[in-house]
Amino acid sequence: MTVQTEAAQAPDLLYTETEEDLRSAVRSLLADRADAPTVIAGIESDTPYDLRLWESLAAGIGAAGLLVPEKLGGQGATHREVAVVLEELGRSVAPAPYLTSAVVATEILLALGAGGGPAAGLLSELASGSKVAVLALPFSASPADAAAAMTGTLERTVSGVAEAAAADVLLVPTADGLYAVETGGDGVAVQPLVALDLTRPLATVTLDGASGTLLADAGPATEAVGRGLLAGAGLLASEQLGVAEWCLTETVRHTRERHQFNRPVGSFQSLKHRMAQLWLEVVSARAAARNAADALATGSPDTPLAVAVAQAYCSEAAVRAAEECVQLHGGIGMTWEHPAHLYLKRAKADSIAYGTAGRHREAVAALVELPAP
Amino acid sequence: MSAAVDAAQVRRLTQELLAAHPPATTDRADFLRARFDAGLAWVHYPVGLGGLDAPRSLQPVVDAELAAAAAPDNDPRRIGIGLGMAAPTILGYGTEEQKQRFLRPLWTGDEVWCQLFSEPGAGSDLAALGTRAVKDGDSWVVDGQKVWTSSAHVARWAILIARTDPDVPKHRGISYFICDMTDPGVEVRPLRQITGEAEFNEVFLTGVRIPDSRRLGPVGDGWKVAQTTLMNERVSIGGARIPREGGMIGTVTKTWRERPELRTHDLHQRLLTLWVEAEVARLTGERLRQQLVAGQPGPEGSGMKLAFARLNQEISGLEVELLGDEGLLYGDWTMRRPELVDFTGRDAGYRYLRSKGNSIEGGTSEVLLNIVAERVLGLPVEPRNDKDVAWKDLAR
Ligand SMILES: Cc1cc2nc3c(=O)[nH]c(=O)nc-3n(C[C@H](O)[C@H](O)[C@H](O)COP(=O)(O)OP(=O)(O)OC[C@H]3O[C@@H](n4cnc5c(N)ncnc54)[C@H](O)[C@@H]3O)c2cc1C
């Protein structure tokens with residue numbers, strides 16, 4: 001029986017003062033450099049990523065190296081702090097390769113036991129934000145796909161790789177193990193795709209005669225990729241929480257100000273109840289996301305379940321909040337100039353990223369022994 | 001002394017209580033009275049009233065020590081109304097004499113309480129109530145009818161709200177009393193409910209005389225006092241820690257694991273969705289508890305009742321379907337008058353039917369959603385047409 005009646009140590013579901021300080025720093029940076037008009041202007045230009053924003057976030061605040069130990073050039077913090085950064089990035093939908101590079105790629109390198117060697121070097125570069133690395137798998141790959149991903153050779157085409165356009169290095173899983181491939185090298189092509197989520201670009205990566213550095217053999221690499229995807233899925237829940245929070249806050253604000261029938265539309269009960277329901281879902285999503293972040297941070301044996309629960313819940317909560325946001329804004333919610341659509345696109349894309357809610361419920365079924373017929 | 005109380009001291013007092021009254025050899029009621037007198041009933045209450053003037057966050061220390069020693073508890077489910085609603089109201093508004101008289105037997109369960117609030121014409125719109133209390137010398141004479149009163153058949157005392165001034169707007173003419181359920185003129189009739197049982201009652205009040213010394217709070221200020229009661233009613237689900245798969249989801253998962261022949265793909269999908277939601281509700285409750293302990297109470301409490309009502313209903317509905325042919329049966333329709341509501345140890349049909357009350361009792365889900373929308377989210381209140389009208393002139 002894997003169902004634990006009470007985890008050995010109860011998870012800490014609150015925020016510490018340090019975490020709140022980090023939140024303020026990230027929030028004010030994003031308010032300054034990545035307000036909605038700036039983000040919309042950015043996605044319409046040829047340069048989706050604002051490199052100065054990334055520099056301030058990654059190096060200035062030190063957010064890119066939160067998971068990395070100090071001796072490797074990082075901050076030696078935990079997934080709990082990273083989760084707070086992701087909540088804020090979700091609230092602003094600023095294009096920044098944070099989840100893919102500072103979380104998934106970083107976590108993979110950390111899991112390889114970066115005791116010197118090429119992985120350690122790369123890890124320091126990721127921690128300082130001077131380089132961006134992404135895992136060359138489709139963004140939809142779930143933690144359960146890690147083993148299956150370790151196949152083939154360096155010759156390949158991978159579709160739907162998130163933030164490949166911003167990457168300096170690709171982490172490529174093959175049958176031999178995990179390779180690091182420079183995107184600037186010969187035989188590497190990164191072809192942008194037209195993505196549903198405008199604020200998180202996707203690309204097709206083609207490797208044809210590319211060379212790479214072997215970081216680890218297949219055995220340890222499989223485990224590391226699995227750990228990276230698990231951390232990605234678990235912390236994506238915090239980004240989804242941020243998206244849902246923004247949607248609720250803005251919807252409440254808008255419906256309080258918008259008058260129809262000689263009263264604020266937010267005074268109509270059918271709307272009030274829908275927003276109250278969303279509030280309950282946001283409050284619940286926060287508990288689920290915090291639980292996953294805390295489990296990852298403490299290395300709790302409960303982590304796979306905490307992550308699966310958080311993903312199964314938060315994906316749907318974020319999508320519902322974004323859909324309600326568009327609907328309750330009325331016509332303005334359907335316009336390009338209002339940012340609501342950015343959040344809907346992010347929420348819907350996130351609901352597929354690192355495994356759909358359904359995939360995560362399958363994981364729950366296996367973990368708590370509730371088998372299908 | 002208040003600031004000086006710390007965890008070590010509370011632990012020491014608990015150990016002293018256990019040493020002086022070993023649970024194995026002490027009568028249950030005696031142990032509970034001793035615990036109250038030691039200030040370990042609710043540590044945040046004043047000294048002499050079952051508490052130590054200590055931070056609320058120290059109560060878990062006491063509870064853990066006592067649980068480890070297998071000490072008897074005061075059966076909070078049976079005395080939920082007294083503990084959750086009457087006690088905080090008496091503490092907040094009672095006279096010294098009232099506190100001394102009522103809190104101890106309330107906490108030990110020697111005296112059970114009920115809540116005479118709802119009336120046939122005043123449920124969600126509780127302030128519209130029509131039960132009259134007329135001053136006669138040192139007493140009030142009460143006439144009216146209350147309804148859906150849980151536990152009235154076992155209660156010794158009741159918290160009661162009644163109209164003392166019909167000529168002012170409804171919220172302003174209400175006063176709050178403690179009613180002796182054994183007094184002449186109090187008649188309790190079972191009200192059979194959806195499950196076949198009569199867990200609640202109709203209560204008829206005919207010329208009931210309540211001494212003025214059993215009024216709580218000023219005359220005409222009863223609505224304000226009632227707010228304390230209602231607020232505590234909705235928050236009283238906090239505190240308790242539920243283990244994973246505690247609550248109703250546990251009964252369904254048990255059946256699912258033990259009886260593979262009942263499984264279908266459709267039920268599997270729904271079960272997993274509800275499992276995740278139940279786990280998230282548990283975590284949300286845990287987060288609320290941690291906020292309370294850290295002294296930063298959040299508004300999550302009002303959400304928890306909404307969440308549990310819906311989950312209980314959906315899970316118990318799924319359970320009936322999962323059982324198939326057995327789901328077509330019902331345990332027992334005999335009219336009984338139970339002393340407490342107990343979802344466990346009953347069949348799925350009972351759980352399905354009884355859980356329908358979860359979104360009605362203690363404020364309907366619709367009313368709670370209004371409260372969240374207005375008080376948490378700050379959305380505009382509904383336009384009202386009853387605020388400046390004397391109660392006697394309201395449409396009914
Ligand atoms: C099992 C059980 C035990 C109970 N125990 C007690 C007890 O011990 N003591 C006691 O005093 N009472 C008790 N009650 C009564 C309970 O508090 C009331 O039933 C409840 O407050 C709702 O009032 P009502 O039944 O008059 O419904 P109504 O107020 O008539 O509501 C009817 C419907 O209208 C909706 N509605 C009403 N007002 C609004 C609004 N403003 N906006 C939107 N929708 C609205 C309601 O949500 C509901 O769906 C109990 C009820 C139950 C079911």
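In what follows, chains carry the letters A, B, and so on, assigned in the order in which the sequence lines appear, proteins first and then strands, with residues in each chain numbered from 1.
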Residue list, ring pair (Phe, Tyr, Trp, His ring centres under 6.0 Å) with A:His329, at least two apart or on another chain:
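In terms of ring pair (Phe, Tyr, Trp, His ring centres under 6.0 Å), with neighbours along the sequence ignored, A:His329 is linked to A:His254, A:His338.
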Does A:Trp246 have any ring pair (Phe, Tyr, Trp, His ring centres under 6.0 Å) partners at least two apart in sequence or in another chain, and if so, which?
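For A:Trp246 the ring pair (Phe, Tyr, Trp, His ring centres under 6.0 Å) partners, ignoring immediate neighbours, are A:Tyr343.
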Determine whether B:Arg384 and B:Glu374 satisfy the following criterion, salt bridge (charged side-chain N to carboxylate O under 4.0 Å, His left out), listing intermediate values before the conclusion.
CA-CA 14 Å; B:Arg384 318 188 40 158; B:Glu374 291 172 11; over 6 Å; no
Return the [atom1] to [atom2] distance between [X] and [Y], rounded to the nearest 0.5 Å.
X: B:Gln313; Y: B:Arg354; atom1: CD; atom2: CZ; value: 10.5 Å
X: B:Thr284; Y: B:Glu279; atom1: OG1; atom2: CD; value: 9.5 Å
X: A:Asn291; Y: B:Leu283; atom1: CG; atom2: CG; value: 4.5 Å
X: A:Arg361; Y: B:Arg270; atom1: CZ; atom2: CZ; value: 13.0 Å

Answer yes or no: is there an ion pair linking A:Arg27 with A:Glu245, defined by an N-O contact shorter than 4.0 Å?
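No.
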When you check the gap from the basic side-chain N to the acidic O, do A:Arg253 and A:Glu250 get nearer than 4.0 Å?
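Yes, this pair counts.
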Name the region of [X], side chain, backbone, both or neither, that has any atom closer than 4.5 Å to a heavy atom of chain A.
X: B:Glu261; answer: neither
X: B:Leu271; answer: side chain
X: B:Glu382; answer: both
X: B:Ser365; answer: neither

Among B:Thr253, B:Leu267, B:Leu306, B:Leu369, residue most engaged with chain A (heavy-atom pairs, under 4.5 Å)
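Among the listed options, the one with the most contacts to chain A is B:Leu369.
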Most chain A-contacting option - heavy-atom pairs closer than 4.5 Å, from B:Val376, B:Leu262, B:Val280
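With the most close heavy-atom pairs to chain A, the winner is B:Val280.
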Which residues in residues 311-318 of chain A have any heavy atom lying under 4.5 Å from a heavy atom of chain B?
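A:Ala312, A:Tyr313, listed by number.
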Residue by residue, which of residues 274-289 of chain A have a heavy atom closer than 4.5 Å to a heavy atom belonging to chain B?
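Result: A:Met275, A:Ala276, A:Gln277, A:Trp279, A:Leu280, A:Val283, A:Ser284, A:Arg286, A:Ala287, A:Ala288.
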A:His273 side chain to B:Asn370 side chain, donor-acceptor N/O pair below 3.5 angstrom:
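Judged by distance alone, the side chains do pair up.
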Proximal component of A:Leu305, with respect to chain B [non-hydrogen, under 4.5 Å]:
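For A:Leu305, the contact with chain B is made by the side chain alone.
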Any B:Arg259 side-chain heavy atom under 4.5 Å of B:Leu323 side chain
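Of all side-chain heavy-atom pairs linking B:Leu323 with B:Arg259, at least one is under 4.5 Å.
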Do A:Val243 and A:Arg91 come close enough that some side-chain heavy atom pair is under 4.5 Å?
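No. Closest side-chain heavy atoms not under 4.5 Å.
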With no hydrogens and no angle check, is any side-chain donor or acceptor of B:Lys305 less than 3.5 Å from a backbone partner on B:Gly363?
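A pair under 3.5 Å: yes.
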